[in-house]
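What follows is a short report on a single structure.
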Amino acid sequence: MLDIKINQQQIEMLQTDLLKWFEKAKRDLPFRQTRNPYYIWISEIMAQQTQIDTLIPYYNRFIATFPTVFSLAQASVDEVIKTWEGLGYYSRARNLHQAAQIIVSDYEGNMPETFAKLLKLPGIGPYTGGAIASIAFNEKVSAVDGNVLRVISRYGNSFDDIGDAKTKKRMTAFIEGILPDAAGDFNEALMELGAVICTPQSPKCLICPIRSGCQSHAAGTTEQLPVKKKKTKQLTKKMEVGIVKQNSCLFFVRRPDSGLLSGLWSFPITETVAGHGQDIKKKLAENFHELNEPIFIGTNRHVFSHIVWEMSIYGFDLDNAIREPVSTSHLVSNQAHTRTDYQFKALSEIDDLALPVAFSKLLDQLTNF
DNA sequence: AAGGCGTGGTA
DNA sequence: TTACCAAGCCT
């Protein structure tokens, strides 16, 4: 149970030390050069489960493509996903798009200015709501992310599992109790400290601005903290991928509306049962009447957060079909939807599609096919 | 409550 | 190679 004994004077020293350090040491990040709530919002959504260094080029590209909430709301969801391509957790982009439409329709295009209202928007939870409210609107509310949980675990020498909701509640309450008026800066300072000083491995206690009050440093337990329950191991799935070629074009399918990589484009893919390319050949029979035997191209492995795909890649060259060449008119198109679910694309056109890394990385293996 | 949901970096 | 981790949210 987190139980930090800290008096008013110590609280003020902690605030002062942290804020002073942050003012001096904070990294120069693109979204720290603005107070525009729209830009803050985009950056905070991108920051979810994503390291800052990774998201910076995406952030710059995103706000260049969608400079205002109106431009985002008016874009198609496919355009938004395409701009998000490669960043992962694509529901973030869908929620961003949906929330932009709500902000335009319900708030005249102005970002809602309170934690309570922000929390109602899709994709904004306790952390992101607190971050936007405190950083963009000076609301005195906490923003507790993984960095903050780690910093507080160590500061109070807490061995509570930070994956437990109760622990997060307690630590949030502690933060709320020591929040200064400059809540946005204080929240950012805690996160910055976690990102560059109070790191998961080998924390740099020697140069930590709040070392003097840190109970974990005093107890020598920093390497054991924070306590976090281990994740269950990823399930490995054997998959067969079908590369269908005709007239130098490759065949792509849109993934289902729900689940992994939903709505994004992919090569036809199916879980391996019989093997040797027969599973994907059977699946492709939904789209093509005549197919040659699969040509083995190679293997590839892709690791998601909770699944591993071990992919065997098979080619089907329609130009070299033994029987009559099959034209695109044989494609089964889904008449119920106005959007397209199947497409042949020339190599130069593939960039039009939002293609997850799991598939875009396969393109390198197709040079001899 | 616990698991689904991406990707890239590091030890 | 394996394992862990990153400015979480949704169901």
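Order of the sequence lines fixes the chain letters, A, B, ..., with proteins taken first and strands second; residue numbering starts at 1 for each chain. On a predicted model such as this, the values are computed, not experimentally measured, just so you know.
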(request) Look at all strands and tell whether A:Arg255 reaches a base, only sugar-phosphate, or nothing, counting heavy atoms closer than 4.0 Å. (result) nothing
(request) Rounded off to whole Å, could you give me the NZ-to-P distance for the A:Lys230 and C:dC5 pair? (result) 8 Å
(request) Provide the closest heavy-atom pair for A:Pro112 versus A:Ile103 in the form atom of the first, atom of the second, distance. (result) CD-CG1, 4.0 Å
(request) Would you indicate what A:Leu235 reaches in the nucleic acid, counting non-hydrogen atoms under 4.0 angstrom: base, sugar-phosphate, or nothing? (result) nothing
(message) Under 4.5 Å between side-chain heavy atoms, counting indirect links through other Ile/Leu/Val/Met/Phe/Trp/Tyr residues: same cluster for A:Phe137 and A:Ile175 or not?
(response) no
(request) Check whether NZ of the Lys or CZ of the Arg A:Lys245 lies under 6.0 Å from the centre of the six-membered ring of A:Phe251 and within 45 degrees of that ring's axis. (result) no
(request) Could you check whether A:Ile124 gets within reach of a base, just the sugar-phosphate, or nothing at all, counting any heavy atom under 4.0 Å? (result) sugar-phosphate
(message) Do A:Arg92 and A:Thr50 pair up side chain to side chain, a donor and an acceptor below 3.5 Å, judged on atom types alone?
(response) yes
(request) Can you figure out which of C:dC5, C:dT2, C:dA7 approaches the side chain of A:Asp145 most closely? (result) C:dA7
(request) Please tell me which of the listed nucleotides, C:dC10, C:dA7, C:dC5, lies nearest to the side chain of A:Pro200? (result) C:dC5
(message) Which residues in residues 260-267 of chain A have a heavy atom closer than 4.0 Å to any atom of DNA chain B?
(response) A:Leu260, A:Leu261
(request) Give one of base, sugar-phosphate or nothing for A:Gly163, where a contact means two heavy atoms less than 4.0 Å apart. (result) nothing
(message) For the P atoms, the ones on C:dA7 and on B:dC5, what distance do you get once it is rounded to whole angstrom?
(response) 23 Å
(request) For A:Gly194, answer base if it contacts any base atom (sugar-phosphate contacts may also be present), sugar-phosphate if it contacts only those atoms, and nothing otherwise; contact means non-hydrogen atoms under 4.0 Å. (result) nothing
(message) Taking only the P atom of each, what is the distance from B:dG6 to C:dT1 in whole angstrom?
(response) 24 Å
(message) Measuring from the side chain of A:His302 (C-beta onward, heavy atoms only), which nucleotide among B:dT7, C:dA7, C:dA3 has the closest atom?
(response) B:dT7
(message) Could you tell me how far apart A:Lys166 (NZ) and B:dA1 (P) are, to the nearest whole angstrom?
(response) 6 Å
(message) How many whole angstroms separate atom CZ of A:Phe31 from atom P of C:dA7?
(response) 11 Å
(message) Given the structure, check if the side chain of A:Thr50 and the base of B:dG6 hold any donor-acceptor pair shorter than 3.5 Å.
(response) yes
(request) Check every strand shown and say whether A:Arg94 touches a base, only sugar-phosphate, or nothing at a heavy-atom separation below 4.0 Å. (result) nothing
(request) Verify whether the ring centers belonging to A:Phe31 and A:Trp41 lie closer than 6.0 Å. (result) no
(request) Could you state the atom-to-atom distance from NZ of A:Lys26 to P of C:dA7 in whole Å? (result) 18 Å
(message) Nearest heavy atom decides the nucleotide; on that basis, is A:Ser258 or A:Thr54 closer to the 5' end of DNA chain B?
(response) A:Ser258
(message) Using the C1' atom as the point on both nucleotides, what is the distance between B:dA1 and C:dA6, in whole Å?
(response) 23 Å
(request) Name the closest nucleotide to the A:Tyr90 side chain, picking from C:dA3, B:dT7, B:dC5. (result) B:dT7
(request) For A:Ile81 and B:dC5, give me the distance from atom CD1 to atom P, rounded to whole Å. (result) 15 Å
(request) Give a yes or no on whether a salt bridge exists between A:Asp145 and A:Lys168, defined as a side-chain N under 4.0 angstrom from a carboxylate O. (result) no
(message) Measure CD1/A:Ile40 against C1'/C:dA7 and give the value in whole Å, please.
(response) 12 Å
(message) So, under a plain 3.5 Å distance rule, would you say the side chain of A:Arg92 forms a donor-acceptor pair with the base of C:dA7?
(response) no
(request) Find which nucleotide of DNA chain B each of A:Val357 and A:Asp164 is nearest to by heavy atoms, and output the residue with the more 5' nucleotide. (result) A:Asp164
(request) Counting heavy atoms from C-beta on, name the nucleotide in B:dC5, C:dA7, C:dT2 closest to the side chain of A:Ile52. (result) C:dA7
(request) Ignoring hydrogens and angles, tell me if any N or O in the side chain of A:Thr221 forms a donor-acceptor pair with the backbone of A:Gln224 under 3.5 Å. (result) no
(request) Could you work out which one of B:dA2, C:dC5, B:dG6 sits closest to the side chain of A:Ser305? (result) B:dG6
(message) From CD of A:Gln49 over to P of C:dG8, roughly how many Å is that when rounded to an integer?
(response) 5 Å
(request) For the side chain of A:His306, starting at C-beta, report the closest nucleotide among C:dC5, B:dC5, B:dG6. (result) B:dC5
(request) Would you classify A:Val303 as touching base, sugar-phosphate or nothing, given that sugar-phosphate means primed atoms plus P, OP1 and OP2, and contacts are heavy atoms under 4.0 Å? (result) base
(message) Would you say A:Gln33 and A:Asp28 are linked by a side-chain donor-acceptor pair, where the criterion is simply a distance under 3.5 Å?
(response) yes
(request) Round to the nearest Å and state the distance from A:Gln201 atom CD to C:dA3 atom C1'. (result) 10 Å
(message) Under 4.0 Å, counting only non-hydrogen atoms across every strand here, what does A:Ala165 touch: a base, just sugar-phosphate, or nothing?
(response) sugar-phosphate
(message) From the set C:dA7, C:dC5, B:dG6, return the single nucleotide nearest to any side-chain atom of A:Lys228.
(response) C:dC5
(message) Can you confirm if the aromatic rings of A:Trp84 and A:Tyr58 lie within a centre distance of less than 6.0 Å?
(response) no
(request) Name the closest nucleotide to the A:Ala195 side chain, picking from C:dC5, C:dA7, C:dA3. (result) C:dA7
(message) For A:Tyr314 together with A:Phe296, are the ring centres under 6.0 Å from each other?
(response) yes
(message) Measuring to OP1 and OP2 of C:dA6, would you say a side-chain N or O of A:Gln51 lies under 4.0 angstrom away?
(response) no
(request) Would you indicate what A:Thr128 reaches in the nucleic acid, counting non-hydrogen atoms under 4.0 angstrom: base, sugar-phosphate, or nothing? (result) sugar-phosphate
